[in-house]
Structure formats: C-alpha cells, structure tokens
Amino acid sequence: MAVSTRSVGRALAGIVGAERVSERPDALAAAAVDGVAPRFAVRPATADHVAGVLALAFEERLAVVPRGSGAALALGRPPERVDVALDVRDLADIVEYSPDDMTATVQAGVTLGALAQALGRRGQWLPVDPPGAARRTVGGITATRASGPLRFRYGTMRDLLLGVRFVQADGVPTWGGAKVVKSVSGYDVPKLMVGALGTLGVLTELTVRLHPRPPAEATWLALFEAVEAAQEFALRLLDSTIQPLAVEFFDAAALRAIPAEAATAGIAVRIGSVEEAVRAQGEALDRIASAAGARVVGAPDGFWGSAAEAVEPGVDEVDLAIATLPGRLAATVTALADGAGGLGSEAAYLTTGCAALGTLRAVITGAAVDAVATLVERLRDVVAADGGGVVVQAGPRALRERVDPWGPVDAGALALMRAIRDEFDPRRVLNPGRFVGDL
Amino acid sequence: MPLTRAVVDELARILGEDGLVLTPEGRLVYECDMHTLYRGVPDAVALPRTTDQVRAVVAVCRREQVPVVPRGSGTGLIGGAMAPRGGVMIGVNRMDAILELDLPNRSATVQPGLVNLWLTRAVQERGWFFAPDPSSQMVSSIGGNVATNAGGPHCLKYGITTNHVLGLELVTGRGDVVRLGGKVADRPGYDLVGAAVGAEGTFGVVTAVTVRLLHRPEAVRTALATFAGIGEASDAVSAIIAAGIVPAALEMLDAVIIRAINGAVGKIYPDGAEAVLLIELDGPRAEVEAHAGRVASICRQRGAITVAVARDEAERALLWKGRKEAAGAVGRITSAYVLQDAVVPRSKLPQIMREMQAIAARHRVTIANVFHAGDGNLHPLICYDDRVPDELERAVRANDELLHACIALGGSVTGEHGVGVDKAAKLPLQYAEADLNFMYRLRRVFDPDTLMNPGKLLPAHPACGEGFRPARPALPAGAWI
C-alpha cells in the first residue's frame with residue numbers, strides 16, 4: 001500500500017531521527033544523482049538505521065541510492081528513480097584495528113584518509129589508491145572496485161576485503177566472509193559485493209586485509225619515444241625478478257599534466273622494500289629500461305600524489321576505464337589516439353593506467369557527447385577481441401544516455417547476474433537501473 | 001534411485017564406451033575422497049573429455065532430476081567429491097589439457113583435470129609458476145583447487161586459489177555453459193568468478209580455468225628455528241609479522257609432531273625442542289637476505305634453541321624434510337585422527353595453543369599440531385585409537401570444543417580445506433541464519449533444483465529438503481594437510 005510523502009517522511013524520521021532526514025529543496029538538490037533530486041536525503045548514524053530505512057523502502061517500493069563521498073555518483077547509467085539518497089558518511093568508526101593480525105574492521109563511511117592515518121602509526125596501509133583516495137570512503141571504493149597504481153602489487157578490494165556486513169534490499173542485516181586473513185567457509189560473499197554498486201546490499205562494515213608499508217621506496221620514470229617501446233619495457237619487467245609496487249603508464253599529455261619530463265610515453269615504476277633491495281632493483285630496472293631504449297630519471301618526491309591529482313577527472317570531464325591486455329597496450333593507446341582525432345579541436349585527453357595489467361584510463365575534456373560516444377564504441381570494438389571492454393566511469397549524463405556506460409556483458413553471465421539481482425532485490429530498491437544490463 | 005537402462009544408454013552414447021563407469025567395483029573407487037569416513041557410491045561415473053560432453057551429461061541429469069557430483073583427483077579432505085545420494089559423478093581427470101599459455105600476459109587457460117604441479121612444470125623453465133600450492137599439488141587437480149578454493153603453505157604471501165583465478169567456464173545447474181571473467185581484468189558486473197571459486201561444485205561443473213601465472217622470485221631463503229615451547233614460537237611469529245615481514249611461508253610444528261618426526265626419519269630436531277618454526281622468505285635477493293637476518297635475530301631474541309638458515313637448495317630441502325614428513329610420521333603415534341582446519345587471528349595463537357592443551361587434557365586425547373602459523377590456520381590432529389571404546393567420541397568432543405574456542409576468538413571454521421559434508425553443520429557457528437539464507441539463495445540462482453553436489457557446503461536446511469548423513473569427522477593417517 002502506497003503512503004503519502006508526508007507519512008514516508010515521518011516514518012523515516014521515526015527510524016533515523018528527524019534531524020537525519022531532510023526534505024528541504026537545497027538539501028535535496030545537493031543530494032541529486034545525475035540531476036535527479038531524491039524525495040528524501042537521509043543520513044543514517046548506525047547500521048540499524050540503514051536496516052530500518054531499507055525495510056521501509058522495501059515495503060514502500062522506494063528507490064534508494066546509497067552513497068559515500070559521492071566521487072563515483074557519475075558511474076553507471078542514470079538512475080531510473082531516486083526516492084532516498086542514503087548518505088553513509090556518518091558510519092565513520094574504525095571498529096577494530098588489530099596491527100598484529102594486519103586486519104581492520106571499519107564502518108563503510110570511514111575515509112581512506114582517516115584509515116591511512118590510523119594505520120600509518122603502525123607502519124601499515126590499505127594499499128588502494130584511486131584518484132582522490134583520501135576523501136573517498138572504504139564502502140565506496142568497495143562498491144565501485146576503484147583502484148589506482150598500487151593494484152599491480154596489492155590487487156583491488158577484491159583481494160583485500162575479508163568480511164562484509166551489509167543490509168539486503170529488504171532490510172535484513174547480513175554478514176559474509178570472515179574477520180581472519182584466511183577462510184573458505186561457505187560462499188565467498190565479499191567477492192560478490194565488490195564492484196556491485198550497492199545493488200545487492202548497502203555496505204555498512206568491512207573487514208580488510210592490511211599490508212606492511214615498505215620501509216623504503218623509490219620511483220623511477222622510464223621515458224620513451226614510442227608507445228611500443230613502453231609496452232616492450234613493461235613486458236620485460238614482468239618477465240624479470242623485479243617486484244614493483246606499481247608499473248604505471250603515462251602518455252605525453254599525462255606527463256605534461258603531472259608535470260614530469262617530456263616524452264611520448266613514460267612508465268613509472270614504484271619499488272618498495274628494504275633500502276638495499278630498492279637500490280638493487282633500481283639498478284636492474286635501469287638495465288632493462290636501457291635495453292628497451294628508455295631514458296630513466298628518478299621521480300621527485302610527491303610524484304604519485306601529483307600524478308593522482310593530474311589524472312583525477314574534473315567536473316564535466318569524461319573518465320574511461322579501458323581494460324585490455326598488457327601485450328595490447330600500444331595497440332590500444334594508438335587506437336585511442338586515432339579515435340581522439342574525431343573529438344574536435346577543443347578537446348584534449350590524457351591516458352594513464354597499469355601497463356602491467358592492461359587496465360588503462362583516459363580522461364577527456366572539452367569534447368562533444370556524440371564524439372566521445374563514437375570514440376567509446378570504436379574502442380570497444382578494438383579491445384573486444386581480447387575480451388576487454390570500456391567503462392564510462394564518469395562523464396555527463398547525456399553521454400551515459402547515449403552509450404551504455406558499462407558496455408556489453410556476455411549473455412550467459414548477464415543472465416546469471418540478472419537472476420542474482422532478481423533474487424535479492426526483486427522490487428528493485430537499490431540503485432535501480434544504474435548497474436550493468438539495466439539491472 | 002538407480003538409473004534406468006535408457007538413461008545409462010543415453011549417457012554411454014554421450015561419453016563413449018570407455019567414458020562411463022557402471023560396474024560396482026569400478027564405482028566403488030569413487031565412493032569417497034581423502035576423508036574416507038564419508039562414503040557414497042555414485043550410480044555412474046562419467047569421464048568426459050569435452051565441455052560439450054559435460055553439458056550433455058548435466059542436461060540428462062537435470063531432466064531425470066539426478067544429482068551431479070563433480071570430482072577432480074579426489075584428494076579433498078572434507079567429504080566433497082563423493083555421492084551421498086548416488087547420481088552421476090563427473091570425473092574430470094581426462095580433461096587435463098593446457099588450452100593456452102600466454103606468458104607475456106601472465107596467464108594460462110587449462111582444463112579442470114590438469115594436475116596443479118603440471119602447470120608449474122610446463123612454465124618453470126621459462127621462469128614462471130602457478131602460486132597456489134596445496135600439499136597435495138603433485139596429484140590434486142586445478143578444478144578441485146578451484147572448487148575448494150585451496151590454500152597451501154605459501155598462500156601467506158601469495159593468497160589462495162581465488163586470488164589467482166581470472167576466468168572460468170562453468171556448466172551451471174541451470175544447464176548452461178557460461179564463460180565468466182577472462183584474461184582481461186575488470187569485467188563489469190558481479191564478480192561471478194569470485195563467487196564460483198570455492199563453491200565446491202554446488203554451482204555446477206567447472207570445465208575450464210584461466211589463471212594468473214607469476215614470475216619466479218629472484219631468491220628464496222629458508223630458516224628453521226627450534227624453541228623450548230609453543231608460546232615462545234608463537235611470540236616469534238607475531239614479532240616477525242610486527243616487523244613488517246611477510247614470509248612466503250611460516251609453518252609451525254609442535255612437540256608431538258617433533259617426536260613423531262624424530263622417531264620416523266631420524267633425529268633432525270634437537271633435544272628439548274618443543275616447537276619448530278619453518279620460515280621461508282622469497283623475493284628480490286637483497287630483500288630476502290635482509291629479512292633472513294632479521295628473522296634469525298627475532299627468533300634468537302624470543303629464546304630459540306637453534307636457528308639455521310639454508311645456504312643452498314640441498315639445505316633448504318633438508319629444513320623442509322621434517323614438515324613434509326609430518327603427515328606420514330603421525331602414523332607412528334596414532335592409527336587415526338580427527339583433522340581440524342580452523343583459523344584464529346594470528347595474534348591469538350598463544351592463547352589458542354594454551355586452550356588446546358587444556359582441551360586435550362580434559363578429554364584425555366593427544367593433539368598433534370603442524371600448521372600454517374603465519375595466517376593463524378590451525379591443523380590440529382586429534383589422535384584416537386579406534387580399538388579403544390569411546391576414544392573416537394572423546395576426540396570428536398575435543399574437536400568440537402576446539403572449534404568453538406577458535407570461533408570465540410574471532411576465527412573461521414575452515415581456512416583452506418573447505419566445507420563439504422564435514423563442516424556443513426558447523427557453519428552456523430560462524431554465520432547467523434540470515435547469512436546462511438543469503439548463501440542458500442545464491443546457490444539456487446546457479447542450481448535451482450539443488451542437483452549440483454547436493455548435501456555439501458551448506459548445512460541441512462529444512463525448507464530446501466537438504467540432508468546428509470551425520471558428520472563423523474575423522475581421518476585416517478596419511479592424508480594431506
């Protein structure tokens with residue numbers, strides 16, 4: 001039975017307290033998703049609040065969009081409906097930090113910056129470094145599987161999430177995984193939650209695996225006259241005993257934006273270990289780079305911070321995640337350059353990403369929606385042969401209406417995804433329409 | 001319910017004359033995995049060579065509503081690859097081809113019957129390896145490793161099977177052949193590969209696996225330290241980790257095992273040694289050398305009786321010898337044991353070891369320990385003599401108490417062996433009803449008729465009509481641990 005906005009508002013206030021529900025136009029405008037203002041902006045303070053809100057949403061068939069820092073609100077298709085914007089940033093407690101076990105349990109709204117501060121005192125870290133990492137929430141980077149250069153060594157939240165507490169679409173609080181670093185009891189539910197954009201549950205608490213922060217670090221920047229040579233270098237590096245933390249590609253525009261030395265392409269190799277091993281690996285790296293025809297320079301302090309800032313998409317910029325193989329890096333970058341010719345004279349773009357995994361990103365500015373859409377489709381054709389894809393991670397709503405931001409998903413896999421979604425959220429409460437395949 | 005003649009004929013047409021085992025003595029071979037107390041003979045054993053044959057067999061079983069039980073090499077420890085309700089077992093051993101090696105892109109695609117170690121052998125000359133290394137790796141199949149999400153001594157640093165699986169081909173319980181994931185990272189959508197690894201065959205039959213290969217590290221150093229007590233050794237483990245060192249492997253042996261090994265293969269550990277730590281470091285040479293020095297001094301500071309660091313491959317093999325002989329040596333002290341695989345937070349090791357001694361005393365059983373100390377994954381062997389009345393019962397009670405103690409410390413029911421029928425009834429210790437319900441529903445998506453390896457992984461659920469023989473968690477000597 002549908003009830004009026006007024007009684008829904010009263011019910012929400014009854015669950016989270018009147019001060020945590022807003023229907024004021026300015027608050028609703030601020031909480032808009034892709035220009036769609038919610039009917040209610042709700043800021044729960046506890047996991048019980050989240051459960052109560054979802055139980056109500058399930059009864060009333062409300063559409064709920066969970067959010068953390070808001071950094072990824074332009075990821076995915078424009079929402080079908082938004083009734084409740086559910087802001088979990090007040091779930092901000094570090095519940096438990098056990099340095100001896102190298103694990104931490106945090107609420108979903110804890111920022112990576114706050115967590116890094118707590119862990120740094122014990123020489124540990126949660127090595128996930130997407131652009132803007134410090135402001136982003138642990139729940140958000142889990143739901144979006146956001147990553148940065150460190151994924152080469154440490155993986156993504158897929159590899160770091162041990163346990164997860166979430167509230168299902170019908171309001172049932174649920175736990176999956178374990179609080180220890182090794183567990184195979186039952187299905188690996190945490191894996192299912194990583195990258196699911198909150199469509200299977202609103203994340204409330206996460207237990208993560210931590211790593212010791214290397215005592216010494218250095219970064220070398222290998223600079224190349226051709227992208228092919230950069231790819232060759234990355235492949236030789238993989239076929240060596242050097243164990244880098246990051247092997248990050250930068251095109252000429254990205255190098256300029258940092259700013260770093262000018263070249264057609266650069267690969268920044270971050271090494272972390274004890275000091276003598278950093279030095280020894282740097283020497284080995286130099287030999288491989290020279291053989292590949294590179295000029296090698298030491299990266300200045302603060303290089304990775306500058307690099308992250310340089311490649312963080314601004315408002316109205318387009319952020320494409322291009323997944324290919326390390327052996328197809330040059331072909332992909334070349335295809336991007338060819339396609340970018342059609343973006344128009346006002347447009348500019350830069351390319352970065354993990355050369356050793358083939359996970360690239362292109363940030364485009366000043367281009368018309370149609371031109372970008374054409375580029376996305378063209379790139380998809382290029383990388384599809386190897387099973388790659390292109391995801392529009394951020395960009396204007398019009399672009400994500402023009403092209404499917406996720407791209408095609410194999411029909412068999414999509415049928416299973418749809419069945420999972422229907423099983424756990426048959427009323428389409430959570431993020432309706434935003435995820436792959438119109439889920 | 002035995003298969004009808006018509007169904008048997010149909011299966012034979014799909015698989016060919018040599019692809020179907022029907023004789024009672026032939027099927028008896030498949031009645032259990034390494035947990036030999038759980039037995040269930042399949043009505044037929046299918047030995048397919050292709051994905052299409054698997055798909056066709058599953059289609060017949062779905063139509064006939066007959067259980068399907070996948071099986072790799074049968075080296076599991078949980079009563080997973082056996083047929084408590086009969087039905088058709090699909091043994092994938094003939095599907096053992098390497099379909100693609102792509103070293104530049106660090107991946108391989110293999111059929112599920114390929115033996116774990118064979119993959120590493122195929123690439124080791126070029127400097128590569130497949131990281132998951134369960135102790136059974138010389139015989140266990142990659143399909144089985146995927147089903148149980150197998151671990152191994154070196155998963156402390158490298159992670160377990162799921163961290164190395166990029167893609168799967170799966171014949172689901174819905175009868176479809178689906179390709180999940182692949183060589184390229186970051187597929188949009190739900191991580192169905194992540195969900196399917198460790199599903200123990202309850203989602204369907206895995207017919208191909210794409211894995212990540214890693215380059216061999218520059219150097220490996222192995223150290224062995226002996227201690228006068230398990231407490232000191234546990235403290236050393238914590239101190240090594242606290243120093244920011246993550247060894248590739250960090251294994252512990254307790255006094256019972258030490259005596260058994262010394263008795264079995266000659267005195268390789270000194271008098272007074274009540275605990276042994278085996279520490280393996282790998283990585284860049286300079287890092288390994290520096291860490292080996294620190295590990296040795298940490299062990300000395302924590303009161304080690306002896307500390308040895310292997311200087312070459314021969315010495316390294318010698319240090320591993322005791323650990324590798326452990327399971328066999330147990331045969332000298334007991335005819336049978338109950339094996340545990342619970343996990344505690346690493347920092348709780350001293351506490352759980354103390355509790356374990358109290359539990360052993362209370363139930364008058366001997367408990368031997370050889371385990372992955374670095375990640376808190378216990379493998380206590382609770383010894384019993386099945387000729388002594390009530391000793392098995394006492395061992396089972398001690399096992400239950402120990403499991404409860406591990407969970408009370410924030411641990412897990414199983415670290416790397418899996419659930420199977422053995423631990424299905426124990427999952428409620430770790431998960432509330434809502435958590436288990438989520439898993440039941442997830443399973444139904446992949447296997448709506450509950451035909452795929454029924455009775456495994458999840459506890460009996462009245463609403464699902466699930467049920468299996470009461471668990472008798474016991475193992476003979478000589479199993480892989």
Side-chain angles (χ1 to χ4, degrees), chain A residues 98 100-102 123 158-159 172-176 178-189 191-192 194-196 212 215 235 238-241 243 273-274 276-277 280-281 321 323-327 357-359 386-389 391 406-407 409-410 412-413 416-417 419-420 423-424 436, chain B residues 104-106 148-149 151 159 162-163 176 178-180 182-192 194-195 197-199 215 217-218 238 241-242 244 246 283-284 286-287 290 343 345-347 375-377 410-416 418-419 427 430-432 434-435 438-439 441-442 445 457:
Chain A
S98 179
D100 290 347
D101 299 317
M102 284 202 291
R158 182 191 198 271
D159 304 285
V172 174
T174 309
W175 163 257
K179 290 195 170 180
V180 285
V181 294
K182 195 175 176 191
S183 174
V184 292
S185 53
Y187 298 122
D188 195 343
V189 172
K191 294 275 185 299
L192 208 49
V194 176
L235 296 185
L238 286 176
D239 197 11
S240 79
T241 54
Q243 296 188 345
S273 183
V274 296
E276 49 273 43
Q281 289 185 85
T324 184
L325 292 170
L357 291 170
T359 48
D386 300 304
V391 173
W406 300 103
V409 175
D410 175 80
L416 284 167
M417 292 177 198
I420 290 172
E423 176 66 38
F424 293 107
V436 294
Chain B
N105 293 305
R106 300 194 303 158
T148 56
N149 197 1
T162 190
N163 301 107
D176 306 319
V178 293
R179 288 168 194 276
L180 310 174
K183 280 201 284 187
V184 173
D186 287 354
R187 308 271 168 143
Y190 299 133
D191 182 2
L192 301 181
V197 174
H215 199 280
E218 185 181 13
S238 290
I241 299 291
V246 179
E287 176 182 295
V343 184
R346 167 170 46 220
S347 60
D375 38 31
N377 188 186
S412 170
V413 166
T414 170
E416 59 178 6
V419 179
L427 284 198
Q430 194 175 339
Y431 298 111
D435 313 337
F438 189 91
M439 295 192 208
R441 291 164 71 191
L442 180 61
V445 168
L457 192 128

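Lettering of chains follows the sequences in order, A, B, ..., and the numbering in each one begins at 1.
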Under 4.5 Å from any heavy atom of chain A, what part of [X] do you find: side chain, backbone, both or neither?
X       : answer
A185(B) : both
T148(B) : backbone
Y190(B) : both
D191(B) : both
R106(B) : side chain
V184(B) : both

Hey, which of [options] has the most heavy atom pairs under 4.5 Å with chain B?
options                            : result
P215(A), A321(A), G186(A), A280(A) : G186(A)
G358(A), A277(A), G195(A), A178(A) : A277(A)
A323(A), S240(A), G176(A), A196(A) : S240(A)
K191(A), E276(A), Q243(A), M102(A) : K191(A)
G387(A), P212(A), S185(A), G412(A) : S185(A)
L357(A), V409(A), T359(A), L192(A) : L192(A)

Is there side-chain contact between [X] and [Y], with at least one heavy-atom pair below 4.5 Å?
X       : Y       : answer
R346(B) : D100(A) : no
L457(B) : Y187(A) : yes
L325(A) : K183(B) : yes

Heavy-atom distance under 4.5 Å to chain B: side chain of [X], backbone, both or neither?
X       : value
I420(A) : both
V184(A) : both
S98(A)  : side chain
T324(A) : backbone
P173(A) : backbone
D410(A) : side chain

Highest number of heavy-atom pairs under 4.5 Å with chain A: which of [options]?
options                            : answer
G244(B), A432(B), P284(B), G418(B) : P284(B)
N149(B), I241(B), D176(B), L192(B) : L192(B)
G410(B), P345(B), A434(B)          : P345(B)
G151(B), P104(B), G189(B), G182(B) : G189(B)

Starting at [atom1] of [X], measure out to [atom2] of [Y] and round the result to the nearest 0.5 Å.
X       : Y       : atom1 : atom2 : result
L442(B) : L416(A) : CG    : CG    : 10.0 Å
N105(B) : L235(A) : CG    : CG    : 7.0 Å
Q281(A) : E287(B) : CD    : CD    : 7.0 Å
N163(B) : D159(A) : CG    : CG    : 5.0 Å
S238(B) : D101(A) : OG    : CG    : 8.0 Å
S183(A) : D375(B) : OG    : CG    : 11.5 Å

Next on the checklist: Working note: T162(B) + R158(A), criterion side chain to side chain contact (heavy atoms under 4.5 Å, CB included); need CA distance, chi angles, decisive distance, verdict.
Outcome noted: CA-CA 10 Å; T162(B) 190; R158(A) 182 191 198 271; 4.0 Å; yes
Checklist entry - Taking only residues two or more places apart in sequence or in another chain, which ones pass ring-ring contact (aromatic ring centres under 6.0 Å, His included) with F424(A)? => result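 With sequence neighbours excluded, F424(A) shows a ring-ring contact (aromatic ring centres under 6.0 Å, His included) to F438(B), given in chain and number order.
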Item to check | Residues S412(B), K182(A); criterion side chain to side chain contact (heavy atoms under 4.5 Å, CB included); working and verdict | outcome: CA-CA 8 Å; S412(B) 170; K182(A) 195 175 176 191; over 6 Å; no
Checklist entry - So V189(A) and M439(B), side chain to side chain contact (heavy atoms under 4.5 Å, CB included) or not? Walk me through it. => result CA-CA 8 Å; V189(A) 172; M439(B) 295 192 208; 4.3 Å; yes
